[in-house]
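Report on the structure given below.
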Amino acid sequence: MDLKIENRIHIIQGSLVGILTVQGVIIGASVFGDTSIIINAALGGAVALALANCAGSYVTRSAKEYDKLSRLEKPLLRSLDNTKIKKLTEKSVLVCSIAMGSASFIGSLIPILPFILLETRHLEVSIGLSITALALLGIYSGKVLKQNTLLHLIRIAGLGGVIILVIYIVFLIKTGQPIM
């Protein structure tokens with residue numbers, strides 16, 4: 001697969017995971033009602049998620065790429081250390097890892113913004129903004145993959161909406177009271 005397309009897919013995945021994970025943290029922290037607690041919990045989750053996604057991408061991408069290198073070395077009967085192929089592999093692993101971690105962090109900021117910028121209706125706006133961002137990710141995903149953008153929009157925004165609803169219902173059941 002083309003490295004540019006693969007990096008864009010990492011950006012889509014990281015953003016989606018960032019938005020939904022931090023939205024879950026926000027819904028969970030909203031039971032406390034204190035905006036500063038919500039912001040701090042969400043930012044802590046955003047940083048942890050970004051670093052974990054960067055590290056996870058690095059580990060899995062390294063394993064995949066270095067396996068490819070070792071498969072190339074066997075028929076060549078030589079090491080590919082200090083070659084252009086090895087340098088490109090190292091660059092690919094690093095770029096993909098940074099793309100995933102950065103996209104996770106940037107996506108994580110979307111549901112947090114209403115708590116920083118608005119005086120009221122934080123959670124409602126946060127959820128609406130998150131679903132809107134997921135819809136835009138769906139459109140972007142369709143364009144990147146040269147597939148039906150409406151289908152990608154519905155798939156990503158729909159799945160995101162269902163996930164947010166499940167999180168909300170879990171906390172509604174746990175606390176016995178609506179969070180919004």
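Only heavy atoms go into these numbers, but all of them, side chains included; no hydrogens, no water, no symmetry mates. Numbers here simply count residues along the sequence, with the first being 1.
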Regarding Q23 and S130, is there a side-chain donor-to-acceptor distance under 3.5 Å anywhere?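 Short answer, yes.
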Does one side chain, of R61 or S92, offer a donor that lies under 3.5 Å from an acceptor on the other?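 Side chains of R61 and S92: pair found under 3.5 Å.
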Go through the steps for Y66 and E90 under the test side-chain contact (heavy atoms from CB on, under 4.5 Å), then give the verdict. CA-CA 9 Å; Y66 290 115; E90 291 169 344; 3.2 Å; yes
Give, for atom [atom1] of [X] and atom [atom2] of [Y], the distance between the pair rounded to the nearest 0.5 Å.
| X | Y | atom1 | atom2 | value |
| --- | --- | --- | --- | --- |
| C54 | H10 | SG | NE2 | 10.5 Å |
| L134 | I12 | CG | CD1 | 12.0 Å |
| I163 | L20 | CD1 | CG | 5.0 Å |
| L137 | I110 | CG | CD1 | 7.0 Å |
| L136 | I156 | CG | CD1 | 10.5 Å |
| K87 | D81 | NZ | CG | 9.0 Å |

Would you be so kind as to tabulate the donor-acceptor pairs closer than 3.5 Å made by side chains of residues 27-52, with sequence neighbours excluded?
from : atom 1 : to  : atom 2 : distance (Å)
S30  : OG     : I26 : O      : 2.6
D34  : OD1    : S36 : N      : 2.9
D34  : OD1    : S36 : OG     : 2.8
N40  : ND2    : S36 : O      : 3.0

Kindly say whether P111 contributes a backbone atom to a donor-acceptor pair with the side chain of S126 at under 3.5 angstrom?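 Looks like yes, one N/O pair under 3.5 Å.
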Check for a donor-acceptor pair, side chain of S102 on one end and backbone N or O of A99 on the other, with a separation under 3.5 Å.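 Absent.
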I'd like to know if K64 and E6 make a salt bridge, using a cut-off of under 4.0 Å between side-chain N and carboxylate O.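 Looking at E6 together with K64, the answer is yes, because their closest N to O distance falls below 4.0 Å.
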Would you give me the side-chain donor-acceptor pairs under 3.5 Å for residues 114-122, sequence neighbours excluded?
from : atom 1 : to   : atom 2 : distance (Å)
H122 : NE2    : L118 : O      : 2.8
H122 : NE2    : E119 : O      : 3.4

Over all heavy atoms of both residues, which pair between I19 and A133 is shortest? Give the atoms and the distance, please.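 I19 and A133 have their closest heavy atoms at CD1-CB, 3.8 Å.
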Where is the tightest heavy-atom contact between T89 and E65, given as atom of each residue plus distance?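 Smallest heavy-atom distance, with atoms named: CG2-CB, 3.5 Å.
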Is the OH atom of Y58 crowded by more than 12 outside heavy atoms at less than 6.0 Å?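 Open: at most 12 neighbouring heavy atoms sit under 6.0 Å from OH of Y58.
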Working for side-chain contact (heavy atoms from CB on, under 4.5 Å), residues Q147 and L151: CA-CA 8 Å; Q147 296 175 356; L151 181 61; over 6 Å; no
